[in-house]
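Note sheet for the following structure.
Proteins come first, then strands; the chains are lettered A, B, ... in the order of their sequence lines, and each starts at number 1.
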Amino acid sequence: MNALTPPRDCLERSQGHAQVTLARVLGAVRLRDLAQRGSAKAFLPRVDGPVPEIVFLNTSGGLTGGDRLSYRLEVGEGCRAVATTQTAERAYAAGRGVAQVRVAHEVGAGGWLDWLPQETILFEDSALDRRTEIVLGPGAGCLMVESVVLGRAAMGETLSRLAFRDLRQITRGGRPVLVEPLALDDRALAAAAGAAVLGGLRALATLALVGPGAEDALGPARAVLDEPGVEAAASAFDGKLLVRMLALDGWPLRRQVARVLGVLRGRALPRVWQD
Amino acid sequence: MSRALLTLVQWLSPAFPTGAFAYSHGLEWAIAEGEVQDAAGVEQWVADILRFGSGRTDAILLAHALKGHDLEALSDLARALAPSAERLRETEEQGAAFAATTAALTGRALPPRPLPVAIGQAAAALGRPVTEVLELTLHAFAANLVSAAVRFVPLGQTEGQAILSSLHPLIEEIARESAEAPIEAIGSAAVRGDLAAMRHETQQVRIFKT
């Protein structure tokens with residue numbers, strides 16, 4: 001290799017950006033703009049119903065060092081929308097560099113977004129820096145869930161090397177309403193058995209409901225936190241409901257997440273969730 | 001010893017009326033459930049909360065407040081970072097009491113803020129090194145959790161002090177790192193510590209507020 005040959009890692013990088021804008025036109029929610037490039041795609045399997053569904057997809061098949069992926073959904077004033085991802089996202093051994101994912105959604109005044117991405121599966125040596133930000137307008141709200149699985153228990157994988165930063169942030173009027181900065185690195189993995197860390201569990205999820213009536217959902221949410229093999233608890237404060245769930249593997253966690261979503265949403269999950 | 005350091009030690013002592021003794025930060029749930037049941041378990045729990053949880057997070061918030069960053073923005077961030085209703089109450093009630101008492105002692109206008117920001121707001125005027133303020137604050141936090149464990153596990157007084165002594169190197173390390181860390185370095189892996197704080201809300205018999 002000479003100085004003019006880019007390193008292999010650079011050549012294999014994938015980049016993708018998908019952006020969807022929904023707006024209310026003559027009383028109905030309509031697609032106003034769809035832009036996609038590189039490895040990011042957005043599908044709209046149900047855009048004509050009262051609540052459009054948007055499905056984001058990373059066609060590169062997984063994330064590795066140096067990848068850049070971004071999803072953006074703008075939900076216009078008074079619109080409701082549900083957005084999810086086509087499959088679980090996988091972060092593979094990074095090689096050199098860090099995979100960067102940016103999710104930036106915006107919900108206009110009085111609007112509502114359910115951001116329900118499928119789980120993220122982290123493999124040994126993966127390096128992923130993800131920021132998910134949902135910006136809420138006046139009177140707007142959102143439901144957000146993030147699930148992370150450390151390796152695949154069924155395959156006997158136990159991670160020891162990882163660089164994972166996963167910032168989840170919901171803001172309103174320029175002020176943070178919820179900030180959850182999950183950070184798992186080699187040191188945290190070495191201490192993961194600790195009762196205050198992960199207690200040896202490897203699948204974790206956080207669900208956040210922010211907006212009018214969020215705190216009233218505490219009772220109904222707590223009532224379904226009894227999935228076998230899952231540790232879960234909920235708390236409501238400051239106009240939000242938070243639910244945390246932990247399990248040994250992704251499957252019981254997914255069942256628990258689906259049940260909480262079921263009781264909070266009162267309607268069927270996006271089709272990609274029903275496998 | 002300088003007078004400013006004496007003031008800081010006073011503000012961060014267990015006798016300072018912030019009501020710290022009433023908060024266990026979720027540790028009461030872990031002890032009641034038998035997850036933490038001896039000196040080794042207490043040391044591990046407190047060390048992990050310091051390194052992977054609110055110890056380090058609050059140290060970074062405090063360092064920024066000490067250095068004169070936007071106190072309103074730091075207060076908003078501290079509130080948004082609270083992982084449960086009780087943990088929000090813990091930082092807000094102690095912060096309000098700390099601000100009120102230091103305001104009364106210094107004659108300064110010190111509005112109520114979440115605890116790490118309230119400490120930074122008041123202590124900035126003392127001119128002590130950032131690392132020193134962080135060390136003393138982390139030490140006070142650790143001492144309070146250990147004291148809760150001594151009462152509730154229970155442990156012997158000397159056993160409790162031995163735990164605290166063995167946490168000193170970790171406290172020094174976190175203070176050193178946090179003094180220079182940018183706000184983006186805030187991150188947590190103390191997931192079950194947060195879960196414990198949530199589960200404490202529905203615990204049948206409770207001595208502590210959190």
Assert top hit (heavy-atom pairs under 4.5 Å, partner chain A, pool B/Ser84, B/Ala197, B/Ala196) equals B/Ser84

Given B/Ala47, B/Ala82, B/Gly41, the one with more heavy-atom pairs under 4.5 angstrom with chain A than any other is B/Ala82

Margin query: If only side-chain N and O atoms count, and only distance matters, is there a donor-acceptor pair under 3.5 Å linking B/Arg108 with B/Gln121?
Written below: no

Exactly one of A/His17, A/Glu106, A/Glu133 clears side-chain hydrogen bond (donor to acceptor under 3.5 Å, both in side chains) with A/Arg72, and that residue is A/Glu106

Notebook entry, point to check: Does A/Thr64 use its side chain to pair, donor to acceptor, with the backbone of A/Ala93 at less than 3.5 Å?
Noted result: yes

When the 4.5 angstrom heavy-atom criterion is applied to B/Arg51 and chain A, the contacting part is side chain

Okay, A/Gln169 and chain B: the region with an atom under 4.5 Å from a heavy atom over there is neither

Turns out that what part of B/Ala185 lies under 4.5 Å from chain A's heavy atoms comes down to backbone

Turns out that what part of A/Asp238 lies under 4.5 Å from chain B's heavy atoms comes down to side chain

Under 4.5 Å to a heavy atom of chain B? For A/Leu178 that would be both

Between A/Leu246 and A/Leu253 the two heavy atoms that sit nearest each other are N-CD1, 4.1 Å

Bottom line for A/Arg244: the part with an atom under 4.5 Å from chain B's heavy atoms is both

In terms of heavy-atom pairs under 4.5 Å with chain B, the winner among A/Lys240, A/Arg222, A/Glu180, A/Arg187 is A/Arg187

So, the part of B/Leu77 with a heavy atom under 4.5 Å from chain A: the answer is both

Counting heavy-atom pairs under 4.5 Å with chain B, the top scorer among A/Leu184, A/Ile170, A/Leu198 is A/Leu198

Honestly, the part of A/Ala236 sitting under 4.5 Å from a heavy atom of chain B is backbone

Note to self: Both conditions, 6.0 Å and 45 degrees, for the charged tip of A/Arg168 above the ring of A/Trp115: are they met here?
What the structure shows: no

Are there over 12 heavy-atom neighbours, none belonging to A/Arg102, within less than 6.0 Å of that residue's CZ? yes

Query raised in the report: Hey, is the main chain of B/His25 close enough, under 3.5 Å, to the side chain of B/Thr210 for a donor-acceptor pair?
Result: yes

What one should report as the nearest heavy-atom pair of A/Thr171 and A/Pro176 is CG2-CA, 3.9 Å

Honestly, the part of A/Val197 sitting under 4.5 Å from a heavy atom of chain B is both

Salt-bridged, A/Asp125 to A/Arg161, with N to O below 4.0 Å? yes

Highest number of heavy-atom pairs under 4.5 Å with chain B among A/Gly174, A/Ala232, A/Gly194 belongs to A/Ala232

The interface call for B/Ala190 against chain A, heavy-atom contacts under 4.5 Å, is both

- Is the closest basic N to carboxylate O distance between A/Arg259 and A/Glu227 below 4.0 Å? yes

One option among A/Pro181, A/Ala196, A/Ala183 has the most heavy-atom pairs under 4.5 Å with chain B, and it is A/Ala196

Most contact-rich option vs chain A, by heavy-atom pairs under 4.5 angstrom, among B/Leu88, B/Thr57, B/Val46, is B/Leu88

Check: Can you check whether A/Thr84 reaches A/Gln118 side chain to side chain, under 4.5 Å on heavy atoms?
Finding: yes

